[in-house]
Amino acid sequence: MNKLYLEIALPVPLRRTFDYLTNFQGDPNGLIGCRVQAPFGNQTLIGIIIGVKAQSETPADKMKDIHTIIDDTPLISHLDLQLFSWAANYYHHSLGEVLHASIPQKLRQGERQEHEQLISAWKHTPEGMGLPETALNRSKKQQEIHRYLLQNTQFTRSTAQRLGFSTSAIKALKDKNLIEEILVKDSIEQVQTNNSLLNNTPLTLNQEQTAAQESVIFHRFGAYLLDGVTGSGKTEVYLQLVARALQAGTQALVLIPEIGLSPQTVGRFKDRFSVEIAELHSSINEAKRAEHWQAAKSGRAKIVIGTRLAALAALNKPGIIIVDEEHDLSYKQHDGFRYSARDICVYRAKQHNIPVVLGSATPSLETLNNAITGRYQHLKLTQRASTATPPHIESIDIRNQQLTAGLCESAIEEIRHTLQRQQQALVFLNRRGFAPSLFCHHCGWQAKCTGCELPMTFHSHPRHLHCHRCDRQNGVPRACPSCKNQAFSHRGSGTEQIELFLAKQFPNTPVIRIDRDTTSSKKAMQKLLEPAYAGTPCILVGTQMLAKGHHIPGINLAVIADADQGLMSADYRGVEQVGQLVTQVAGRAGRASSTGKVLIQTHQPDHPLMRVLIAEGYNSFAVQLLAERKHSGLPPYGYSALIRSESKRPENALAILQLIHGAIKNTGNKHTITTIGPMAAPIEKIGNRFRFQYQLFCNSRKELHATLKAVLSEVEVKAEARRTRWSVDIDPVTSA
DNA sequence: AGCACGCCGACT
DNA sequence: GTCGGCGTGCTC
Ligand SMILES: [Zn+2]
Ligand SMILES: [Zn+2]
């Protein structure tokens with residue numbers, strides 16, 4: 001008899017697989033995609049069978065036998081295995097870890113698939129089987145069960161419940177040794193399929209929406225950019241596209257950003273459709289997540305909706321993929337397997353030969369470029385449904401201006417006017433706390449985090465110092481540690497300071513602060529925003545989370561307190577992100593009755609790109625930014641990779657990057673790959689760990705990847721690779 | 001990554 | 001004496 005070898009991908013950070021022996025008898029092709037339990041070193045791991053073969057390169061003395069094959073039917077389909085192999089290769093990450101990331105925790109830990117789960121059931125003993133139908137007529141209930149078993153051989157607890165078999169009757173039969181308990185596979189009871197897919201009637205689309213909706217062709221690959229301003233009705237287009245997928249008997253996968261509008265968006269899908277919807281995101285508990293994942297895999301769930309992790313979910317028969325707010329940074333995973341959920345979706349659409357729709361009011365430059373070059377079809381929605389006119393955007397030169405709590409006099413005046421008109425104002429600042437630095441008024445000593453060597457943020461309520469990089473928290477010293485003086489002073493401003501200042505300035509108006517410190521729970525945010533939704537005059541102060549989602553109709557003024565953070569950022573994507581932010585915030589300002597206003601406080605009122613943004617809008621801004629990127633060979637005109645390294649000892653963090661740098665310079669590709677570094681990371685030290693980075697750019701994606709692959713496999717076996725925590729980030733979205 | 005093994009300093 | 005720090009090697 002020939003031996004059978006299994007190639008297994010294990011959840012270890014090694015960019016390779018391992019071969020095992022098995023005594024499995026049967027069709028070996030049915031094994032691919034099944035989980036196994038395997039000995040590894042002196043631990044036992046759960047891995048996925050990715051190949052079956054008759055021989056192995058592995059020497060016999062190292063070869064081990066698999067412990068068990070967990071699945072009877074594959075957990076991962078052939079097509080998904082192909083997807084994840086591509087992704088592991090593209091992101092230069094361990095296939096085992098990629099597969100691990102794609103399945104819910106319960107299944108990672110070896111729990112059986114729901115359709116293979118063993119549940120208890122009752123069947124006749126030989127004695128019971130021999131009993132005539134007419135027996136047991138002293139107990140109607142027992143006779144009923146007996147007759148049922150003569151017809152159906154067995155029943156499960158849920159069947160018993162449905163048919164009204166009481167536990168006492170069952171126990172009586174068991175005591176008479178007429179029936180016995182056995183374990184059987186749980187055949188999921190088919191949920192009766194509702195013949196209507198919709199709960200409520202679709203809204204009527206306007207001409208643009210109709211044109212966009214009809215442009216999407218099903219049963220064929222195509223990527224579409226649905227480019228629509230806030231309030232132009234993208235969601236209704238999504239809903240009707242999903243309806244078309246369902247009518248065709250296929251599933252729809254819908255991705256939404258991590259924060260903000262998620263509950264609202266999910267709600268709209270639930271309201272519209274009567275089919276089973278599988279939600280996959282971080283606030284779903286593990287048990288539910290496993291259940292929903294399997295509902296998506298089996299096809300029981302017709303709509304799968306979730307954050308980036310949903311992009312990896314198994315699907316039975318997808319018919320369309322929708323990525324809402326496709327520019328959102330939360331689609332990129334920031335540790336471990338650093339995938340872009342949006343890019344994964346495009347790949348999957350290609351695999352399944354189906355459309356993928358990327359929606360945004362502020363498309364990422366990559367997507368916009370794909371639309372301009374014709375790789376993606378550009379669908380535009382330009383009409384705002386309710387608001388008559390787009391808001392008026394203005395930048396305020398704050399050079400040489402006196403700022404109070406980070407706001408200049410004219411911004412404060414505008415807020416005052418807005419409130420006088422019984423309208424609402426929003427102040428956006430991407431900085432929590434009271435002030436980003438605290439120092440001694442006497443000698444200049446500054447409160448710094450000992451782990452990061454950077455100023456700690458001063459919070460006034462509760463009063464403490466907080467390092468936003470490593471999360472260290474300290475009390476505020478009573479006296480200066482350096483000169484013992486007790487007078488402290490602060491520099492810069494955060495949301496807390498703006499809130500307190502505005503509350504003092506406008507004592508009769510509620511000031512609502514929305515940031516991580518005030519919205520520990522989702523409900524807290526909803527509660528805080530209640531008066532805002534009610535429409536009473538108020539001021540909202542907040543960070544990121546306020547800019548995303550949450551359309552509050554009464555807001556008529558939006559102040560962006562500090563646009564310079566992004567404009568002056570060392571990262572070339574800073575400007576792009578400011579443009580997206582301004583446009584998003586602008587989308588929040590203005591309502592049907594009066595034109596809204598957006599004020600941008602900046603030290604660079606003449607920034608040419610910002611002028612374009614203000615005068616001509618996001619699209620012109622983005623097109624011009626694209627021209628700049630093209631000129632300097634930056635993404636999306638070139639491809640980039642970022643290798644990060646951090647260690648308690650700076651020389652160890654640096655060593656691996658220098659090794660990689662040397663290896664790159666030694667390859668023949670050195671003239672087409674340009675590099676920056678190795679150099680200190682933008683934040684040089686976090687929590688006592690020194691951080692370095694090395695950036696690679698190349699105008700050929702293929703060449704970049706081939707070089708990286710060769711260099712990584714050369715370098716990862718060296719001792720230097722073990723003395724630091726390092727990672728490869730493909731298509732990074734930030735260099736921080 | 002996780003785990004064992006081995007070698008050196010500093011403790012009851 | 002041995003407890004435990006981490007540098008190194010290995011995982012089919
Ligand atoms: Zn001092
Ligand atoms: Zn810190």
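In what follows, chains carry the letters A, B, and so on, assigned in the order in which the sequence lines appear, proteins first and then strands, with residues in each chain numbered from 1. Below, each value reflects all heavy atoms present in this structure, side chains not excepted, and no hydrogens, waters or symmetry copies. Since this is a predicted model, take the numbers as computed values, not measurements.
A distance-only check finds a donor-acceptor pair linking the side chain of A:W726 to the backbone of A:A721 [under 3.5 Å].
Rounded to a whole Å, the CZ atom of A:F18 is 8 Å from the P atom of C:dT11. Rounded to whole Å, atom P of C:dC12 lies 17 Å from atom NZ of A:K3. Computed from coordinates, the A:D61 CG to C:dT11 P distance equals 9 Å when rounded to whole Å. Between A:R15 atom CZ and B:dA1 atom P there is a gap of 11 Å when expressed in whole angstrom units. C:dC12 atom P lies 18 Å from atom CG of A:L4, rounded to whole Å. Rounded to whole angstrom, the span from the CG atom of A:L14 across to the P atom of B:dC3 amounts to 14 Å.
One finds a salt bridge joining A:K332 and A:D729 here, because a Lys/Arg side-chain nitrogen approaches an Asp/Glu carboxylate oxygen to under 4.0 Å. Salt-bridge annotation for A:K448 and A:E453: absent, with no side-chain N of the basic residue lying under 4.0 Å from a carboxylate O of the acidic one. At a threshold of 4.0 Å, the pair A:R289-A:E279 does not count as salt-bridged, since none of the basic side-chain nitrogens sits closer than that to a carboxylate oxygen.
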- Message: Run A:R431 and A:D515 through salt bridge (charged side-chain N to carboxylate O under 4.0 Å, His left out) and show every step you take.
- Response: CA-CA 9 Å; A:R431 201 185 295 123; A:D515 59 26; over 6 Å; no
- Test salt bridge (charged side-chain N to carboxylate O under 4.0 Å, His left out) applied to A:E716 and A:R15, step by step: CA-CA 9 Å; A:E716 68 190 350; A:R15 280 177 262 257; 2.8 Å; yes
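Screening residues 45-60 of chain A for side chain to side chain donor-acceptor pair (under 3.5 Å) gives A:D19-A:K53, A:D19-A:S56, A:S56-A:T58 as the qualifying pairs, with residues at least two apart or on separate chains.
DNA chain C is contacted by A:P39, A:F40, A:G41 of residues 32-51 of chain A, taking any non-hydrogen atom closer than 4.0 Å. Near DNA chain C, meaning a heavy atom under 4.0 Å from it, residues 713-726 of chain A has A:R722, A:R723 in order of number.
Residue A:L10 is out of contact with every strand shown, counting any heavy-atom pair closer than 4.0 Å.
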Protein-nucleotides 6-8 of chain B N/O pairs under 3.5 Å:
none

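Under the side chain to side chain contact (heavy atoms under 4.5 Å, CB included) criterion, A:P650 pairs with A:F690, A:F692, not counting sequence neighbours. The ring-ring contact (aromatic ring centres under 6.0 Å, His included) search around A:H67 returns none, not counting sequence neighbours.
Residue A:H705 forms a side chain to side chain contact (heavy atoms under 4.5 Å, CB included) with just one option from A:K702, A:R701, A:K709, and that option is A:R701. When each of A:I50, A:L45, A:I66 is paired with A:I8, the side chain to side chain contact (heavy atoms under 4.5 Å, CB included) condition holds for A:I66 and for no other.
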